[in-house]
Amino acid sequence: MKDLEKIAKKQFGQNFLKDEVVLNKIIQSIPNNDLIIAEIGAGLGDLTNKLLELKNDVVAFEVDIDLLGKLEDRFKEALNNKKLMIKFGDVLEYWGDNKNLLQKNYAIVANLPYYIATNIILRALRDDNCKFLIVMVQKEVAEKFCAVSGSSEFSSLAILASYCGTAKILFDVLPSSFVPAPKVISSVMMIKKTKNLDNKEYEQFLKISFSQPRKKLSKNLSARYSKELIEESFEKLNISSNIRPHELPSSTYHQLFILLYKVVHIDERREAKY
Ligand code: SAM
């Protein structure tokens with residue numbers, strides 16, 4: 001274990017999961033289906049190994065060249081009989097400008113590198129081939145995706161996740177389950193998708209809405225929309241002018257977006273015409 005602490009690279013978010021109980025719990029939470037599994041950040045292959053006990057089609061991504069040889073040695077047989085494919089490089093570059101990480105329907109099961117976890121999850125929500133995710137992330141990040149409106153953690157990430165389906169925390173994992181131990185508690189969460197994140201403007205609208213989480217929602221929105229339009233829309237939807245971003249339910253955000261978007265869109269078209 002001491003050697004592992006030495007080889008772990010901080011810049012790649014390498015905290016290797018060495019707890020059999022947690023590894024098994026992750027595997028047990030995978031729904032029964034034929035989807036390909038994409039593991040992002042195979043590391044030393046402990047989770048990969050468990051995935052291969054359950055699945056015949058695993059694609060593992062790993063950015064660290066020093067781990068590639070270890071993975072190839074460990075999984076010679078699975079690579080030969082094509083149960084496993086290893087893709088070397090930055091997973092975000094594999095996504096690149098493409099919408100799809102893999103060309104067939106798939107699910108992500110991974111202990112994500114924490115420094116790009118949110119980015120990876122958002123890419124997966126936009127990817128129509130990705131059907132669900134079971135991912136280990138920092139507890140704080142999981143709470144943001146799974147929060148309900150009214151709670152202080154409620155954020156644009158929770159609204160985006162609920163737009164795509166359902167998100168829930170399955171269980172927490174203590175730092176002692178990893179080598180080296182991270183400074184934070186982790187959570188395994190599941191996002192089941194019924195729909196893709198397919199509207200950049202909606203994402204932008206939510207970003208503006210939560211730009212200053214402690215301020216009033218109307219104040220945040222005024223960076224993009226006129227005071228009159230905000231007041232008029234709030235009145236139509238019965239929203240209090242004092243409401244803070246975390247207090248408005250996801251469904252009302254959607255209605256508010258439609259109202260604001262329609263008007264701004266029509267205005268912008270009108271301006272372009274004259
Ligand atoms: N799956 C292993 C486990 O559970 O022990 C390792 C998980 S570790 C938290 C994250 C892994 O992601 C590391 O192996 C790291 O090298 C890899 N990684 C970091 N950034 C990456 C990227 N941009 N693309 C692909 N893999 C990456």
Side-chain angles (χ1 to χ4, degrees), residues 1-30 36-55 58-75 78-79 84-98 100-102 106-124 127 130 133-142 170-190:
M1 292 289 180
K2 277 263 172 282
D3 288 350
L4 271 191
E5 305 223 2
K6 271 189 217 142
I7 67 158
K9 295 191 180 120
K10 235 184 177 165
Q11 77 269 28
F12 290 140
Q14 289 178 357
N15 298 100
F16 303 111
L17 180 58
K18 284 289 168 194
D19 187 327
E20 271 297 298
V21 175
V22 175
L23 284 161
N24 287 333
K25 270 172 96 173
I26 295 175
I27 296 300
Q28 281 152 13
S29 43
I30 302 174
I36 300 174
I37 299 292
E39 186 197 3
I40 296 175
L44 297 164
D46 292 306
L47 181 59
T48 323
N49 193 39
K50 294 274 175 198
L51 288 168
L52 287 167
E53 285 171 14
L54 185 80
K55 293 280 183 179
V58 177
V59 181
F61 293 84
E62 179 51 63
V63 75
D64 185 356
I65 187 90
D66 293 336
L67 296 180
L68 191 63
K70 290 187 202 307
L71 288 168
E72 282 171 347
D73 279 351
R74 182 168 182 180
F75 297 112
L79 286 165
L84 173 68
M85 187 190 289
I86 299 177
K87 295 204 175 215
F88 169 66
D90 180 350
V91 70
L92 295 176
E93 281 182 21
Y94 275 99
W95 251 306
D97 295 331
N98 300 328
N100 308 118
L101 182 62
L102 300 179
Y106 73 96
I108 294 177
V109 180
N111 171 15
L112 291 178
Y114 291 179
Y115 72 107
I116 44 168
T118 301
N119 204 342
I120 289 173
I121 295 167
L122 290 175
R123 294 301 300 249
D127 184 336
C130 180
L133 304 90
I134 295 176
V135 285
M136 172 112 68
V137 293
Q138 213 172 307
K139 183 177 166 73
E140 224 173 65
V141 173
L170 302 180
F171 53 89
D172 291 343
V173 182
L174 293 175
S176 55
S177 294
F178 303 85
V179 180
K183 290 198 171 66
V184 292
I185 295 181
S186 307
S187 298
V188 174
M189 71 167 172
M190 159 126 81

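Both counts, for ligands and for their atoms, begin at 1 and track the order of listing.
With 3.5 Å as the limit, one finds no donor-acceptor pair spanning the side chains of Y106 and N100.
A pairwise comparison of heavy atoms in K25 and F171 identifies CB-CZ, 3.5 Å as the closest pair.
When each of S177, S186, S187 is checked for a side-chain contact (heavy atoms from CB on, under 4.5 Å) with M136, only S186 meets the rule.
K50 has its side chain out of reach of D46: every pair of non-hydrogen atoms, C-beta onward, lies at least 4.5 Å apart. The shortest side-chain heavy-atom distance between I30 and V109 falls under the 4.5 Å cut-off.
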N49 vs R74, side-chain contact (heavy atoms from CB on, under 4.5 Å): CA-CA, chis, key distance, verdict: CA-CA 9 Å; N49 193 39; R74 182 168 182 180; 3.5 Å; yes

Give one line per pair: atom of ligand 1, protein atom, distance. Only N/O to N/O under 3.5 Å.
unit_1, atom_1, unit_2, atom_2, d
ligand 1, 1 (N), E39, OE2, 3.2
ligand 1, 1 (N), G41, O, 2.7
ligand 1, 1 (N), A42, O, 3.4
ligand 1, 4 (O), N111, ND2, 2.9
ligand 1, 5 (O), L17, N, 2.8
ligand 1, 14 (O), G43, N, 3.4
ligand 1, 14 (O), E62, OE1, 2.7
ligand 1, 16 (O), Q14, NE2, 2.9
ligand 1, 16 (O), E62, OE2, 2.6
ligand 1, 20 (N), Y115, OH, 2.8
ligand 1, 23 (N), D90, OD1, 2.8
ligand 1, 24 (N), V91, N, 2.9
ligand 1, 26 (N), V63, N, 3.4

